[in-house]
Amino acid sequence: MIDLKYLQKNFDEAVDKLQKKGVKNDTLEELKLLFASLKDANSLYESTKAEQNQLSKLFGSYKREGKDTTELKAKVDSLKEEISLLQDRAREAEAALNDLALTIPNFPSDKVPEGADENDNVEISKVLEPKKFDFEPKEHWELAQQNGWIDFERGVKLAKSRFSVLRGDAARLERALINFFLETNRSKGFEELCVPFLNNSSMLQGTGQLPKFEDDLFKIEDENLYLIPTAEVPLTNIYNDEILTAKELPILMTGYTPCFRREAGSAGRDTRGMIRQHQFDKVEMVAISHPDSSDDIFDMMVQNASDILSALELPHRVVELCGGDLGFSAARTIDLEVWLPGQNQYREISSVSTTGDFQARRAKIRFKDGKKNRFVHTLNGSALAVGRTLIAIMENYQREDGTIGIPKVLERYM
RNA sequence: CGGGAGAUGUCGGAGCGGUUGAACGUGCCGGUCUUGAAAACCGGUGUAGGGGAACCUACCGGGGGUUCGAAUCCCCCUCUCCCGGCCA
């Protein structure tokens with residue numbers, strides 16, 4: 001949730017910022033109007049209500065003193081009707097404002113470059129040189145088939161398209177990766193959590209998936225529950241509606257969860273192979289931080305994800321997302337893209353974002369700064385997407401005969 | 001899924017329908033005392049919105065109702081706990 005007071009006071013600046021994210025002026029204009037009309041409706045209701053409260057108090061003392069109350073009662077009765085009307089109006093104004101405000105994306109940070117889409121993202125660095133193959137490297141699905149690692153057909157049979165089954169060494173490798181990631185994150189100070197894979201609507205609103213992106217989620221019929229699209233949802237919302245002490249910050253958390261996505265808008269994209277599935281494993285980092293230290297934590301999280309890729313000896317590049325490519329909740333995002341020799345391109349394997357206080361406002365996560373309560377900053381990032389790491393290992397560690405090597409750091413986990 | 005109990009501030013736990021935003025304890029902050037700490041004692045401490053301020057409004061799980069007035073009475077929902085069934 002953006003800061004509506006800020007919007008009101010610095011309207012032009014806010015419009016400017018949100019244009020980077022493709023929000024229309026009209027929407028913000030409307031938001032400003034709704035905010036003003038809520039204030040009006042509220043103060044009118046509150047002052048009238050104050051009057052009624054006064055009279056009701058008076059009524060009490062009249063009764064005690066044995067005075068006649070019929071005149072007083074008549075007065076209050078006439079107020080009551082007016083109040084209920086004013087209250088309805090105030091509530092409507094609040095609901096209208098709230099509905100619209102929840103659909104406004106976060107302000108991009110000043111560091112975010114201008115740009116319309118992923119083509120305008122800025123490469124910051126490349127880490128490790130892609131290895132030269134003296135044969136034509138295969139794509140992961142070929143290797144998967146050859147090694148009996150991934151059973152796409154039976155995944156589809158069990159569920160539907162975009163589901164798959166890992167078998168044998170692939171399943172073991174998946175498990176090894178999860179352990180390796182969790183252990184690495186833990187050694188960097190992240191507490192490991194094991195959380196529910198179903199979260200209720202209020203949590204999904206807290207992190208920004210709802211109300212706008214309901215179509216991207218799997219919902220449980222007859223229950224107010226959704227399969228989580230990322231561990232960011234449960235990990236961030238661990239502190240939903242809580243007030244932390246400054247001493248506790250920063251809180252660094254990591255967790256492994258499967259992630260579930262409808263992929264509603266991506267028909268036809270990455271249909272082959274395991275790049276884009278309805279269910280995939282991911283190890284996530286989440287930080288709840290003091291506003292002053294979130295920039296440093298952001299850098300640390302990017303570095304951590306990159307270090308993990310380096311430890312696996314996987315070539316990758318670091319990319320700063322431009323305004324047009326930023327997600328709804330993000331103020332700033334850096335993607336790590338791993339080199340896939342079979343596809344001959346870099347593909348996203350980790351995405352680290354800071355949301356500033358955007359999610360904290362929605363999820364009401366605050367901390368005591370002296371006497372005052374302030375919103376924390378929340379950050380999240382993958383370290384790493386497990387399925388895509390598996391693919392990267394397959395393509396980067398393939399040998400001419402189609403067999404696949406295992407990264408050294410994983411040996412002790414297999 | 002069946003039977004019983006409950007939901008109040010950081011936590012524990014009071015609360016005749018009006019001076020209760022909420023006793024008391026605890027926690028936290030400040031002070032006295034102490035070589036230091038503990039203990040003891042004194043003071044301060046909920047959240048959100050509005051207003052320059054005094055102050056006003058809302059909140060005792062959520063929603064509705066009764067009433068001049070509801071944490072307190074009535075109805076619905078949700079959740080939690082205990083007993084039983086089922087079950088990893």
Side-chain angles (χ1 to χ4, degrees), chain A residues 1-9 31-102 194-206 210 219-226 234 237-249 251 258 288 357-376:
Chain A
M1 181 89 84
I2 59 169
D3 185 348
L4 294 176
K5 282 187 197 160
Y6 169 81
L7 177 79
Q8 198 192 32
K9 285 187 187 140
L31 195 69
K32 193 183 171 191
L33 282 173
L34 286 173
F35 189 53
S37 72
L38 170 65
K39 276 189 164 179
D40 285 351
N42 248 345
S43 68
L44 197 56
Y45 161 70
E46 284 180 5
S47 60
T48 317
K49 182 70 184 173
E51 204 177 327
Q52 190 206 355
N53 288 347
Q54 284 289 321
L55 293 176
S56 285
K57 255 183 198 167
L58 204 61
F59 193 100
S61 57
Y62 270 37
K63 273 283 183 199
R64 250 172 280 126
E65 293 163 18
K67 287 198 201 162
D68 180 43
T69 55
T70 50
E71 200 185 323
L72 202 54
K73 181 163 156 36
K75 242 197 225 168
V76 186
D77 278 342
S78 72
L79 265 185
K80 273 175 79 174
E81 226 172 293
E82 194 185 338
I83 287 173
S84 121
L85 227 75
L86 291 172
Q87 187 178 33
D88 288 349
R89 214 197 290 167
R91 280 189 188 173
E92 277 164 30
E94 189 175 359
L97 176 68
N98 201 37
D99 287 353
L100 184 60
L102 284 172
C194 189
V195 292
F197 303 158
L198 300 175
N199 280 195
N200 63 46
S201 59
S202 151
M203 300 305 119
L204 283 137
Q205 189 180 93
L210 290 180
K219 186 177 193 324
I220 305 295
E221 204 178 354
D222 298 330
E223 294 267 8
N224 180 30
L225 291 170
Y226 297 79
N237 282 296
I238 283 278
Y239 295 106
N240 186 296
D241 199 23
E242 293 193 26
I243 301 171
L244 304 158
T245 60
K247 261 190 280 182
E248 295 175 83
L249 303 177
I251 298 170
I288 310 286
D357 62 8
F358 184 82
Q359 288 179 329
R361 275 174 200 286
R362 294 180 153 240
K364 296 194 188 69
I365 308 174
R366 291 151 295 172
F367 74 102
K368 279 260 182 247
D369 189 15
K371 276 241 170 210
K372 290 193 91 167
N373 294 326
R374 291 179 64 192
F375 290 109
V376 298

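We name chains A, B, ... by the order of the sequence lines, and we start the count at 1 in each one. Only a predicted model underlies this, so the values are computations on that prediction, with no experimental measurement involved.
The residue among A:K73 and A:K39 whose nearest nucleotide of RNA chain B is located toward the 5' end is A:K39. Nearest-nucleotide positions on RNA chain B for A:E223 and A:S47 put A:S47 closer to the 5' end.
Going from the P atom of B:U72 to that of B:U19 covers 14 Å, rounded to whole Å. Comparing the C1' positions of B:G15 and B:A22 gives an interatomic distance of 8 Å, to the nearest angstrom. Comparing the same atom, C1', in B:G49 and in B:C86 gives a spacing of 49 Å after rounding to whole Å. Comparing the C1' positions of B:A88 and B:C73 gives an interatomic distance of 45 Å, to the nearest angstrom. Separating the P atom of B:U26 from that of B:G69 is a span of 39 Å, rounded to the nearest Å. Going from the C1' atom of B:C75 to that of B:A70 covers 15 Å, rounded to whole Å. Taking atom P on both nucleotides, B:A5 is separated from B:C76 by 15 Å, rounded to a whole Å. One P atom belongs to B:G36, the other to B:G31, and the distance between them is 14 Å to the nearest Å.
Base pairing of B:G30: its partner is B:C42, meeting the Watson-Crick or G-U wobble criterion (both donor-acceptor distances under 3.5 Å). Across all strands shown, B:G12 is found opposite B:C24 as a Watson-Crick or G-U wobble partner, with both distances under 3.5 Å. Base pairing annotation: B:A54 forms no Watson-Crick or G-U wobble pair, as no partner gives both donor-acceptor distances under 3.5 Å. Applying the Watson-Crick and G-U wobble criteria (two distances, each under 3.5 Å), B:G2 pairs with B:C83.
Phosphate proximity of B:G69 to A:Q52: present, with a side-chain N or O under 4.0 Å from OP1 or OP2. A close approach under 4.0 Å does occur between a side-chain nitrogen or oxygen of A:R91 and OP1 or OP2 of B:G64.
Among the atoms of the strands shown, only primed sugar atoms or phosphate atoms (P, OP1, OP2) are found under 4.0 Å from some heavy atom of A:K368. Contacts of A:K5 with the nucleic acid, taken as non-hydrogen atoms under 4.0 Å apart, involve only primed sugar atoms and P, OP1 or OP2. Across all strands, A:N53 comes closer than 4.0 Å only to sugar-phosphate atoms, never to a base (heavy-atom distances).
Contact check for A:M203 versus A:N200: side-chain heavy atoms found under the 4.5 Å cut-off. Between A:V76 and A:F59 there is no side-chain heavy-atom pair separated by less than 4.5 Å. At least one side-chain heavy atom of A:L244 sits less than 4.5 Å from a side-chain heavy atom of A:Y239.
If you take CD of A:Q87 and C1' of B:G49, they are 15 Å apart, rounded to a whole angstrom. Atom OH in A:Y62 sits about 16 Å away from atom C1' in B:G69, given to the nearest Å. The separation between A:L86 atom CG and B:U57 atom C1' is 13 Å, rounded to whole Å. Rounded to an integer number of Å, the gap from A:N373 CG to B:C28 P is 18 Å. One atom, CG of A:D3, and another, P of B:A48, lie 13 Å apart when rounded to the nearest Å. In this entry the distance linking CD of A:E51 with P of B:U57 reads 11 Å, nearest Å. When the P atom of B:A48 is taken as reference, atom CG of A:L38 falls 17 Å away, rounded to whole Å. In this structure, the CG atom of A:D40 is 16 Å from the C1' atom of B:U57, given to the nearest Å.
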Distances under 3.5 Å only, N/O to N/O: pair up the protein atoms with those of nucleotides 18-20 of chain B.
| from | atom 1 | to | atom 2 | distance (Å) |
| --- | --- | --- | --- | --- |
| B:G18 | N2 | A:S56 | O | 2.8 |
| B:U19 | O4 | A:R64 | NH1 | 2.4 |
| B:U19 | O4 | A:R64 | NH2 | 3.4 |

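Picking from B:G49, B:A58, B:C68 the nucleotide with the shortest atom distance to the side chain of A:Y45 gives B:A58. For A:R366, the listed nucleotide lying nearest its side chain is B:U47; candidates were B:G49, B:U57, B:U47.
In the model, A:N373 has a side-chain atom that pairs as donor or acceptor with a side-chain atom of A:K368 under 3.5 Å. Judged by distance alone, the side chains of A:K49 and A:Q52 do bring a donor and an acceptor atom under 3.5 Å apart.
Between A:A363 and A:N237, the closest heavy-atom pair is CB-OD1, 3.6 Å. Scanning all heavy atoms of the two residues, the minimum distance from A:K32 to A:Q8 falls at CE-O, 4.4 Å.
Going from atom CD1 of A:I365 over to atom CZ of A:R374 covers 15.0 Å, rounded to the nearest 0.5 Å.
Of the residues A:K75, A:K73, A:K80, the one that meets the side chain to side chain donor-acceptor pair (under 3.5 Å) test with A:D77 is A:K73.
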